[in-house]
Amino acid sequence: MRSVKVEDVLRGGYEGERVLLRGWVYRRRKTGGVAFVVLRDSSGILQCVAERERGEVYDIAKKVRIESSVEVCGTVRREDKAPGGYEVLLDDIRVVHMAEAFPINRYKSEEYLLDNRHLWLRSREMTAVMKIRSTVFGAIHEFFRENGYYEVQAPMFVGSAVEGGSTLFEVPYFDKKAYLTQSAQFYLEAFIYSLEKVYTVAPSFRAEKSRTRRHLTEFWHAEAEVAWYGNEDMMKDEELLMEHIVRRVLAERKSELEYLGRDLDRLRAVEAPFERMRYERLIEMARDIGVEISYGDDLGADEERAITKEFEKPVFVTHYPSETKPFYHRPDPENPSVVLCHDLLAPEGYGEIIGGGERIWKLDVLLQRIRSYGLNPDDYSMYIDLRRYGSVPHAGFGLGVDRAVMWIAGLDHINKAIAFPRTIRRLRP
RNA sequence: GCCGCCGUAGCUCAGUGGUGGAGCGCUCGGCUGUUAACCGAGUGGUCGCCGGUUCGAAUCCGGCCGGCGGCGCCA
């Protein structure tokens with residue numbers, strides 16, 4: 001007999017029929033006359049009933065431990081008292097593996113769940129998040145491929161820094177030192193001279209000793225770089241990308257969002273275009289709501305939260321003072337003290353999920369910038385070289401995919417958005 | 001890097017100077033339909049580690065280790 005999925009039974013497709021189901025024991029309850037085994041598979045949970053008259057089936061059902069793997073056979077019937085409205089009256093049950101006492105029970109701390117993430121992964125909550133995450137990654141690839149981008153791959157081992165400020169993880173590399181990449185950007189810039197529109201989805205590593213709910217040391221980075229694009233061109237693709245991701249999740253993962261308690265109307269509001277706001281205006285706005293901040297300051301976490309709570313959908317912040325951004329951003333020809341860059345801030349206090357902008361494409365300007373930032377041009381020889389042979393205006397961006405998942409799923413911590421989070425204090429499981 | 005908090009049974013916690021506890025889990029038994037079922041019995045400990053104070057330390061003091069939350073830094 002072919003096995004069926006829980007979700008298909010719950011849709012009513014097998015009412016009155018005998019079915020085979022495979023899965024894990026989610027809950028077990030027993031009374032004198034019947035034993036209930038709630039079965040979990042990748043598609044949902046379903047109540048199965050064993051009646052005492054069944055003898056051996058009942059004896060097994062009342063003894064099987066939570067999270068044991070089982071194969072069951074029985075007849076599907078409607079039952080209003082069962083979760084989901086259907087249940088299976090068992091005529092056979094086979095314990096594939098009797099689980100040891102499962103260490104996670106009704107009482108659980110965040111810390112314990114992180115220590116046991118390999119087991120907590122099978123919870124309904126993590127399952128919902130992982131399904132949403134899968135849809136987000138799929139939607140990213142879908143968007144880029146439908147819009148003329150080529151997918152490329154950049155190295156994870158690098159010989160020197162990409163951005164000056166961020167901290168690098170150092171790893172032994174034979175008789176040399178290597179570093180783990182913090183961004184594929186410089187490599188993507190090399191690809192635009194042949195492929196013009198490129199993207200990559202890969203991990204980035206940052207050795208920042210950040211202790212916040214929005215930071216991972218290893219995070220998934222969706223980055224793109226496009227020849228002949230300016231700052232505004234790039235933002236147009238980004239808002240369409242974010243709209244596409246959110247629409248996909250709403251279309252395919254509604255029940256998972258609802259399980260997580262996400263307010264769907266907040267996501268339905270995410271439609272392009274997004275507002276563009278100059279950094280200068282943002283500072284004024286921050287002052288209007290009582291935040292003490294002066295021009296040239298980078299936005300603190302409190303300020304960012306306060307401001308993004310004012311918005312219904314993501315908002316672009318542009319034209320930051322050049323000293324608050326990395327050296328490679330192109331200065332605004334109309335006001336060289338600011339750069340043609342943008343951050344995309346997610347609403348509801350989630351904050352920055354994208355950083356991007358137009359790159360300096362003229363050799364002399366780039367060399368002058370590198371020097372004025374106190375950096376060594378030798379460390380950027382490849383990057384500089386790209387400005388010597390048919391340089392073109394171009395722009396790019398990087399999306400923190402885990403942050404996007406956190407926002408879309410409405411999670412309160414980024415470590416709930418990734419299966420095995422790596423943070424300053426957590427390297428296992 | 002800075003500030004704050006926590007560490008006692010497999011899990012969640014109570015115990016704040018005098019013989020280490022409860023609920024859940026697990027094991028056994030009971031109950032004719034449960035909904036994180038319920039009832040009864042049993043099981044379960046390096047009180048994070050090291051040192052100090054004391055007649056006596058889970059409890060007070062010092063150091064260390066591990067973790068959590070927040071800030072700064074960033075996607």
Side-chain angles (χ1 to χ4, degrees), chain A residues 26-38 45 47-53 58 61-63 65-67 77 79-84 87 89 98-116 119-120 123-124 162-167 182-185 201-223 238 297-305 324-326 343-346 350-356 397-407 412-415 417-418 423-428:
Chain A
Y26 178 69
R27 294 268 189 279
R28 185 208 59 201
R29 292 180 283 270
K30 52 188 195 281
T31 72
V34 294
F36 299 94
V37 172
V38 181
I45 61 166
Q47 175 167 292
C48 303
V49 196
E51 295 180 333
R52 173 169 262 172
E53 300 80 72
Y58 171 81
K62 77 176 186 184
K63 286 205 160 108
R65 275 190 291 267
I66 284 177
E67 288 305 327
R77 63 186 187 190
E79 173 54 68
D80 290 338
K81 280 178 283 185
E87 69 178 14
L89 179 61
M98 177 65 104
E100 296 177 28
F102 200 63
I104 301 173
N105 61 31
R106 72 165 78 162
Y107 302 110
K108 53 211 191 265
S109 63
E110 296 287 339
E111 180 182 346
Y112 187 72
L113 295 182
L114 282 165
D115 287 340
N116 292 281
L119 302 177
W120 183 237
S123 66
R124 297 183 79 192
V162 171
E163 302 181 23
S166 307
T167 328
Q182 335 173 274
S183 166
Q185 181 193 325
V201 180
S204 283
F205 306 89
R206 306 253 168 114
E208 294 150 3
K209 296 189 173 176
S210 303
R211 291 193 46 77
T212 78
R213 61 182 67 187
R214 313 171 45 225
H215 284 86
L216 297 167
T217 52
E218 175 185 303
F219 67 96
W220 281 82
H221 214 173
E223 294 177 277
E238 290 166 33
D297 288 347
D298 220 343
L299 235 49
D302 288 343
E303 294 85 57
E304 197 177 88
R305 209 168 298 130
T324 65
K325 290 286 171 184
D343 284 356
L344 183 67
L345 308 183
Y350 281 96
E352 185 176 355
I353 54 173
I354 283 179
F397 74 94
L399 164 68
V401 186
D402 316 279
R403 283 190 181 176
V405 171
M406 178 186 173
W407 160 55
D412 61 5
H413 201 298
I414 199 163
N415 64 21
I418 183 168
T423 64
I424 179 174
R425 292 214 210 283
R426 194 167 279 280
L427 196 51
R428 54 174 59 124

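Per chain, numbering begins at 1; letters A, B, ... match sequence-line order.
- Base orientation at rU27(B) is anti, since its O4'-C1' glycosidic dihedral falls outside 90° of 0.
- The separation between Glu67(A) atom CD and rG25(B) atom C1' is 14 Å, rounded to whole Å.
- Of the candidate nucleotides rU35(B), rG25(B), rU32(B), rU35(B) has the atom nearest to the side chain of Gln47(A).
- One P atom belongs to rG15(B), the other to rG66(B), and the distance between them is 28 Å to the nearest Å.
- Heavy atoms of Ile354(A) sit under 4.0 angstrom from primed sugar atoms or phosphate atoms, though from no base atom.
- The residue among Val401(A) and Lys62(A) whose nearest nucleotide of RNA chain B lies closer to the 5′ end is Lys62(A).
- Nucleotide rU19(B) has no partner under the Watson-Crick or G-U criteria, as no pair reaches both atom distances under 3.5 Å.
- Glu79(A) contributes a side-chain N or O that, together with a main-chain N or O of Lys81(A), makes up a donor-acceptor pair within less than 3.5 Å.
- In this structure, Trp407(A) atom CH2 and rA75(B) atom C1' are separated by 14 Å, rounded to whole Å.
- For Arg28(A), there are no salt bridge (charged side-chain N to carboxylate O under 4.0 Å, His left out) partners at least two apart in sequence or on another chain.
- Of all heavy-atom pairs spanning Arg214(A) and Ile414(A), the tightest one is O-CD1, 3.7 Å.
- For the pair Phe205(A) CZ and rC74(B) C1', the computed distance is 16 Å after rounding to whole Å.
- Contact annotation for Glu223(A): no contact, since no heavy-atom pair falls under 4.0 Å across all strands.
- Nucleic acid contact for Thr212(A): base, since at least one base atom lies under 4.0 Å from a heavy atom of the residue.
- Rounding to whole angstrom units, CZ of residue Phe102(A) and C1' of rU12(B) are separated by 16 Å.
- Checked by atom type and distance alone, the side chain of Asp343(A) never pairs as donor or acceptor with a backbone atom of Gly355(A) at under 3.5 Å.
- Listed candidates were rU35(B), rC28(B), rC73(B). Nearest to the side chain of Pro83(A) is rU35(B).
- When the side-chain nitrogen and oxygen atoms of Lys209(A) are compared with OP1 and OP2 of rG1(B), one or more of them lie within a distance under 4.0 Å.
- Across rU34(B), rC73(B), rU32(B), the shortest atom-to-atom separation from the side chain of Arg52(A) is found for rU32(B).
- Distance, Ile424(A) CD1 to rC71(B) C1': 13 Å, rounded to whole Å.
- Separation of the C1' atoms belonging to rG17(B) and rU12(B) is 27 Å when rounded to the nearest angstrom.
- Tyr112(A) places its OH atom 6 Å from the C1' atom of rG10(B), with the value rounded to the nearest Å.
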Would you tabulate the pairs of protein nitrogen or oxygen atoms and nucleotide nitrogen or oxygen atoms of nucleotides 36-44 of chain B closer than 3.5 angstrom?
| from | atom 1 | to | atom 2 | distance (Å) |
| --- | --- | --- | --- | --- |
| rA36(B) | O2' | Arg106(A) | NH2 | 3.3 |
| rA36(B) | N1 | Arg106(A) | O | 3.4 |
| rA37(B) | OP2 | Arg29(A) | NH1 | 2.8 |
| rA37(B) | N7 | Lys30(A) | O | 3.1 |
| rA37(B) | N6 | Lys30(A) | O | 2.6 |

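- Under the 3.5 Å distance criterion, the side-chain polar atoms of Arg403(A) are matched with a main-chain donor or acceptor of Glu352(A).
- Within 4.0 Å (heavy atoms only), Arg77(A) reaches at least one base atom of the nucleic acid.
- Nucleotides rG44(B) and rA14(B) have their P atoms positioned 24 Å apart, rounded to a whole Å.
- Taking atom C1' on both nucleotides, rC49(B) is separated from rG7(B) by 11 Å, rounded to a whole Å.
- The ring of Phe36(A) does not lie on top of the base of rG33(B); it is either too far (5.5 Å or more) or too tilted (30° or more).
- Residue Ile353(A) comes nearest to Ala404(A) through the heavy atom pair CG2-N, 4.2 Å, listed as atom of the first residue, atom of the second, then distance.
- Contacts of Glu223(A) classified as salt bridge (charged side-chain N to carboxylate O under 4.0 Å, His left out), with partners at least two apart in sequence or in another chain: none.
- Across all strands shown, rG33(B) forms no Watson-Crick or G-U wobble pair with both key distances under 3.5 Å.
- Remark: rG7(B) base-pairs with rC65(B). Criterion, Watson-Crick or G-U wobble with two distances under 3.5 Å.
- A gap of 14 Å separates the P atoms of rC5(B) and rG63(B), to the nearest Å.
- Searching all strands for a Watson-Crick or G-U wobble partner of rC74(B) with both distances below 3.5 Å returns nothing.
- Separation of the C1' atoms belonging to rU54(B) and rC60(B) is 10 Å when rounded to the nearest angstrom.
- Between Trp120(A) and Ile104(A) the shortest side-chain heavy-atom distance falls below 4.5 Å.
- Closest non-hydrogen pair, Lys63(A) versus Met98(A), comes out as O-CE, 3.6 Å.
- Of the inter-residue distances, the one linking Phe397(A) atom CZ with Leu344(A) atom CG reads 9.5 Å to the nearest 0.5 angstrom.
- Across the C1' atoms, rC38(B) and rA57(B) are found 41 Å apart, a figure rounded to whole Å.
- The nearest heavy atom of RNA chain B to Ala82(A) and to Pro103(A) marks one nucleotide each, and the one closer to the 5' end goes with Pro103(A).
- For the pair Glu51(A) CD and rC31(B) P, the interatomic distance rounds to 17 Å; values are reported in whole Å.
- Taking atom C1' in both rC61(B) and rG69(B), the straight-line distance is 27 Å, to the nearest Å.
- Qualifying salt bridge (charged side-chain N to carboxylate O under 4.0 Å, His left out) partners for Glu110(A), counting only residues two or more places apart in sequence or in other chains: Lys416(A).
- Of the candidate nucleotides rG10(B), rG33(B), rC74(B), rC74(B) has the atom lying nearest to any side-chain atom of Arg214(A).
- The salt bridge (charged side-chain N to carboxylate O under 4.0 Å, His left out) check on Glu218(A) picks up nothing, with sequence neighbours excluded.
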Atom pairs under 3.5 Å, N or O on each side, protein against nucleotides 66-69 of chain B: can you list them with distances?
| from | atom 1 | to | atom 2 | distance (Å) |
| --- | --- | --- | --- | --- |
| rG67(B) | OP1 | Arg425(A) | O | 2.7 |
| rG67(B) | O3' | Arg426(A) | NH2 | 3.3 |
| rG67(B) | O2' | Glu111(A) | OE1 | 2.9 |
| rG67(B) | O2' | Glu111(A) | OE2 | 2.9 |
| rC68(B) | OP1 | Arg426(A) | NE | 3.1 |
| rC68(B) | OP1 | Arg426(A) | NH2 | 3.4 |
| rG69(B) | OP1 | His413(A) | NE2 | 3.3 |
| rG69(B) | N7 | Arg211(A) | NH2 | 2.5 |
| rG69(B) | O6 | Arg211(A) | NE | 3.3 |

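- The only option from Asp115(A), Asn415(A), Thr217(A) that meets the side-chain hydrogen bond (donor to acceptor under 3.5 Å, both in side chains) definition with Arg426(A) turns out to be Asp115(A).
- The partner of rC60(B), taking Watson-Crick or G-U wobble pairs whose two distances both stay under 3.5 Å, is rG52(B).
- The pairing partner recorded for rC26(B) is rG42(B), the criterion being a Watson-Crick or G-U wobble arrangement whose two distances lie under 3.5 angstrom.
- The distance between atom CG of Leu399(A) and atom P of rC74(B), rounded to the nearest whole Å, is 18 Å.
- Contact annotation for Glu53(A): no contact, since no heavy-atom pair falls under 4.0 Å across all strands.
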